[in-house]
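Numbered from 1 within each chain, the chains take letters A, B, ... in sequence-line order. Every heavy atom of this structure was used, including side-chain atoms; hydrogens, water molecules and symmetry mates were not.
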2 protein chains.
Amino acid sequence: MHSGTVASRSADPKDSRESKNGGRPPLDAVSLAIIEQLQEDGRRPYAAIGKAVGLSEAAVRQRVQKLLDQGVMQIVAVTDPLTVGFRRQAMVGIHVEGDVEAVADALTAMDECEYVVMTAGSFDLMVEIVCEDDDHLLEVINGRIRAVPGVRSTESFVYLKLKKQTYMWGTR
Amino acid sequence: MHSGTVASRSADPKDSRESKNGGRPPLDAVSLAIIEQLQEDGRRPYAAIGKAVGLSEAAVRQRVQKLLDQGVMQIVAVTDPLTVGFRRQAMVGIHVEGDVEAVADALTAMDECEYVVMTAGSFDLMVEIVCEDDDHLLEVINGRIRAVPGVRSTESFVYLKLKKQTYMWGTR
DNA sequence: GTCTCTGCTTGCGGATTTCGCAGGAGTGGG
DNA sequence: CCCACTCCTGCGAAATCCGCAAGCAGAGAC
């Protein structure tokens, strides 16, 4: 029902330059503040957020709902995978020949790829892999990733220890 | 109050091999299921989670609280930084001489480092940097990171486009 | 000017959820 | 056996969520 609002926006000719990253105006200052609140505590009640950002409870509720619908943010539990039983993680740098985006899409479709980003530098693509054990990791990297058409070569960086993991941009 | 529980556990001699990653038994199956639920929706009510994992509402609440207190998981809003006004991101690979962990700690203390991990491979450390613009990025990488004692050299991979970002391990 | 659209506010009530606390069951130590 | 500890359940009271309605203000379009 809320998505109807978004759809009507897309129909607006002025929004034709809308791309996948979301061609919407960078983001309102108040919404930023709301996101900050939820980055500190994803379960913080709407009333408390409203008090913090200077909005009514209902307004906060509407904004949060829209932000979620639009995919601008998501409220989720995050963990250190090592703690949750995934014993092998790695960052993999990839050299691509041909269409980088196509390769990225193929990797995105893999469950074990938790993070996929196109980069400038000596790698065209960097992906983070989450696996249960060494065999699994080997199978994913040497079996599946290298099998993707366009992947010229890969370089792996197995995780030894996760030192920091935050989601607090804007909170500074 | 709940932290007291943790402290008493630490006092147990059997837990002496407890390290920073948390020397606790890999994690209960039920807790795993709870985390899965919260990875799908960080605001899902305790009663609904309880129904899904076969526990009472109160029990789920206690478990979640403990998981949060222990730092096993956190419930937060996550966004694509590009959407939120941070226009420059980069992964930085670092070669270290001397104590890798000390360097990692120094980088962890920097606000702009969102992600710090010790790796095996041609880099000793990989860190993800979130900045507002090119100047900021330059200052962080060439000014601050390289100034950390023990950093021998760095290699940067500027983000062009974030293709995937999930937090759904265990959901497969 | 008027009309319309969008977004915020206030207020409301009912359903739902959160939260604290009083037990009860199971375990391991002395 | 008893104690201490952990984990669970059940149950009210308080707070929160959620939908809805009416009113208002600003921005455009015409």
Side-chain angles (χ1 to χ4, degrees), chain A residues 1-16 18 22-35 37-38 40-70 72-77, chain B residues 1-16 18 22-35 37-38 40-70 72-77:
Chain A
M1 42 213 63
H2 274 282
S3 55
T5 306
V6 178
S8 64
R9 281 187 56 112
S10 309
D12 185 340
K14 190 175 41 174
D15 285 358
S16 59
E18 181 169 306
R24 358 180 192 275
L27 210 44
D28 183 288
V30 180
S31 292
L32 251 309
I34 292 176
I35 293 177
Q37 294 290 317
L38 290 172
E40 289 176 15
D41 176 7
R43 275 182 170 257
R44 184 163 299 169
Y46 295 135
I49 299 175
K51 198 162 303 182
V53 307
L55 240 56
S56 70
E57 175 266 349
V60 173
R61 203 185 335 137
Q62 291 165 23
R63 289 228 188 194
V64 169
Q65 193 55 53
K66 191 186 304 182
L67 289 171
L68 294 174
D69 287 345
Q70 289 178 166
V72 173
M73 75 169 179
Q74 40 184 332
I75 301 176
V76 294
Chain B
M1 41 211 67
H2 274 284
S3 55
T5 306
V6 178
S8 64
R9 282 187 57 112
S10 309
D12 185 341
K14 189 176 42 178
D15 286 359
S16 58
E18 180 169 307
R24 354 179 198 277
L27 211 46
D28 184 289
V30 179
S31 292
L32 250 309
I34 292 176
I35 292 177
Q37 294 289 318
L38 290 172
E40 289 176 16
D41 176 7
R43 272 180 171 260
R44 184 163 298 169
Y46 295 134
I49 299 174
K51 198 161 304 181
V53 307
L55 240 56
S56 72
E57 175 267 344
V60 173
R61 197 184 344 133
Q62 291 166 21
R63 289 228 188 195
V64 169
Q65 193 55 52
K66 189 188 303 181
L67 289 171
L68 293 174
D69 288 344
Q70 288 178 166
V72 173
M73 75 171 179
Q74 39 185 332
I75 301 176
V76 294

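Of the listed nucleotides (C:dG7, D:dT9, D:dC7), D:dC7 has the atom at the smallest distance from the side chain of B:Lys66.
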Indicate for each nucleotide in nucleotides 13-23 of chain C, in 5' to 3' sequence, whether protein heavy atoms under 4.0 Å reach the base (B), only the sugar-phosphate (S), or nothing (-).
-> ----SBBB---

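The shortest heavy-atom contact between A:Ala77 and B:Ile35 is CB-O, 4.5 Å. Across A:Ile34 and A:Val53, no two heavy atoms sit closer than the pair N-CG1, 4.0 Å. The two residues A:Arg43 and B:Pro45 have their closest heavy-atom pair at NH2-N, 4.2 Å. Scanning both residues, A:Leu38 and A:Arg44, for their nearest heavy atoms gives CD2-O, 4.4 Å.
Between B:Leu55 atom CG and C:dA25 atom C1' the separation is 14 Å, expressed in whole Å. For the pair A:Gln70 CD and C:dT6 P, the computed distance is 13 Å after rounding to whole Å. Whole-Å rounding puts the A:Lys51 NZ to C:dC8 P distance at 19 Å.
Looking only at side-chain heavy atoms (C-beta outward), A:Gln37 and A:Val60 stay at 4.5 Å or farther from each other. Using a 4.5 Å heavy-atom threshold, the side chains of A:Val72 and A:Lys66 count as separate.
In this structure B:Arg61 satisfies the side-chain hydrogen bond (donor to acceptor under 3.5 Å, both in side chains) test together with B:Glu57, sequence neighbours excluded.
For the helix from C:dG1-D:dC30 to C:dG30-D:dC1, the terminal axes (five pairs an end, C1' atoms, rotation from four pairs onto the next four) enclose an angle of 30°, given to 10 degrees.
Annotation: the span from A:Leu68 atom CG to A:Ile75 atom CD1 amounts to 5.0 Å, rounded to 0.5 Å.
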